[in-house]
Amino acid sequence: MDVARIFFHDEIESLKREIEDANFSSYTILTDDNCEKYCQKELINLFSQFGDAQLIVVPAGDKNKNISNLEFIWNQLLNNADRHSLLINLGGGMISDLGGFAASTFKRGISFINVPTSLLAMVDASIGGKTAINFANFKNQIGSFTDAFATFIDLNFLKTLPEKELLSGFSEMLKVAIISNIDLFNLLSANEEFSKKITQDIIKQAINAKLSIVKSDPKELGKRKLLNFGHTIGHAFETYSMQNDASPISHGQAVAIGMICETQIALQLSIISPQEHYILVDVIKNFFPKYSFTINALISLISNMKTDKKNVAGKINFSLPQSVGCGLIDIYPSENIIQKSIEFYHSL
Ligand SMILES: NC(=O)c1ccc[n+]([C@@H]2O[C@H](COP(=O)([O-])OP(=O)(O)OC[C@H]3O[C@@H](n4cnc5c(N)ncnc54)[C@H](O)[C@@H]3O)[C@@H](O)[C@H]2O)c1
Ligand SMILES: [Zn+2]
């Protein structure tokens with residue numbers, strides 16, 4: 001498994017050469033309607049060979065990472081692509097997940113490149129070899145482990161990304177720091193506007209932190225589960241918000257809520273000290289606005305968690321912080337403890 005074929009803006013010439021050398025039979029660009037508007041022209045400026053590519057555009061938004069768009073993409077690919085074609089996923093994590101899965105299944109698998117245009121996709125979704133669609137109202141239920149041919153990261157794409165989405169990506173940077181890298185955590189939590197921390201150097205550090213975990217456990221049989229910190233409760237909030245809010249919270253905002261609740265679970269289980277619990281909750285709370293919900297949501301939230309892929313024999317699985325920069329996997333708290341952690345967030 002080759003999870004690390006990442007090219008930054010200054011390495012574009014070697015990526016272009018690799019694309020030429022691979023002799024793909026055709027190019028197709030998959031994007032969403034925002035990225036078509038803000039990023040497609042820039043992509044063609046950077047990679048002139050994609051000028052004649054077939055273009056597939058799906059509507060933006062995570063609810064569109066679904067089976068009907070997957071079918072739409074397969075149908076479009078039938079017009080132009082064969083087994084030696086290249087799919088270029090231009091967009092955020094919704095596009096790299098959807099396009100990666102479409103490519104990994106079309107004619108038993110064609111090559112694809114991720115060109116992440118959101119911070120979240122740069123530091124997380126477009127690297128590490130996971131693809132997925134949402135199914136039956138639940139997140140990421142169907143997918144594959146398939147590596148991209150390459151990922152191309154150019155911070156210029158972030159210029160048009162809304163601030164809310166930038167913050168969403170910052171959440172995943174914070175997550176990987178909390179469970180694996182205290183130095184990165186110290187950089188990210190320093191008292192300064194979060195947007196000042198979005199530099200190529202810090203993005204590289206976050207990517208390397210993720211890749212060092214992924215390389216040691218590509219198929220998520222053990223250590224990679226650490227990256228799920230914040231996601232058990234986070235996905236439940238993301239699904240809840242998608243079903244109940246006119247303007248649903250971002251993935252990263254949901255993960256931030258999840259990280260606060262799950263750190264509190266670690267405290268209840270005496271996995272983390274009260275001091276470190278305080279530091280983590282304080283830092284996360286300062287970056288992310290409070291999400292308001294009625295406490296009646298608890299039933300749906302717990303029921304959402306029961307469909308989580310990580311569960312074993314019906315028990316809800318958690319990855320929790322043990323201290324700043326270090327985490328534990330495969331913890332199964334009782335429903336009562338999970339509920340208390342959500343009440344704790346609600347009371348903040
Ligand atoms: N496969 C993985 O390992 C992995 C890891 C983390 C997250 N994910 C998935 O990634 C998705 C979240 O990714 P995301 O936060 O990038 O969401 P997204 O792709 O939905 O993008 C968020 C919004 O930003 C817009 N956008 C993206 N780039 C833009 C740009 N440069 N200018 C203007 N608008 C832009 C999009 O159109 C969308 O409206 C979720 O589906 C999540 O499950 C996957
Ligand atoms: Zn995530």
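Just so it is clear, the values below take in all heavy atoms, side chains as well, and ignore hydrogens, waters and symmetry mates. When a ligand or atom number is given, it counts from 1 through the structure's own listing order.
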Polar contact flag for Lys130 and ligand 1 (N/O pairs, less than 3.5 Å): yes
Heavy atoms of other groups near Tyr278 OH, more than 12 under 6.0 Å: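 It does not: Tyr278 OH has 12 such atoms or fewer within range.
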Other residues, nucleotides, ligands: >12 heavy atoms within 6.0 Å of Asp52 CG: no
Would you mind reporting whether [Y] and [X] have side-chain heavy atoms less than 4.5 Å apart?
X      : Y      : result
Gln253 : Lys164 : no
Leu155 : Ile203 : yes
Asn244 : Phe293 : no
Asn140 : Phe135 : no

Starting from [atom], what is the nearest protein heavy atom, named by residue and atom, and what distance separates them?
atom                    : value
atom 40 (C) of ligand 1 : Asp62 OD1, 3.2 Å
atom 39 (O) of ligand 1 : Asn34 ND2, 3.1 Å
atom 32 (N) of ligand 1 : Thr160 OG1, 2.7 Å
atom 21 (O) of ligand 1 : Gly92 CA, 4.3 Å
atom 14 (P) of ligand 1 : Gly93 N, 3.5 Å
atom 24 (O) of ligand 1 : Glu165 CG, 3.7 Å
atom 20 (O) of ligand 1 : Met94 CB, 3.5 Å

Do [X] and [Y] have side-chain N/O donor and acceptor atoms under 3.5 Å apart?
X      : Y      : answer
His231 : Glu238 : no
Lys63  : Asn66  : no
Glu220 : Asn228 : yes
Asn317 : Asp330 : yes

Does ligand 1 have any atom that is closer than 4.0 Å to a heavy atom of [X]?
X      : result
Cys39  : yes
Glu238 : no
Gly91  : no

Of all the atoms in ligand 1, which lie at a distance below 4.0 Å from a heavy atom belonging to [X]?
X      : result
Asp97  : 1 (N), 2 (C), 8 (N), 9 (C), 43 (O), 44 (C)
Cys35  : 26 (N), 27 (C), 28 (N), 29 (C)
Lys139 : 40 (C), 41 (O), 42 (C), 43 (O)

Any donor-acceptor N/O pair, Ser25 side chain to His84 backbone, under 3.5 Å: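 Flag set: sc Ser25 to bb His84 pair under 3.5 Å.
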Side-chain (Ser126) to main-chain (Ser96) donor-acceptor, under 3.5 angstrom: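 Flag not set: sc Ser126 to bb Ser96 has no pair under 3.5 Å.
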Atoms of the protein (N/O/S only) found under 2.8 Å from the Zn ion (ligand 2): Glu172 OE2, His231 NE2, His251 NE2
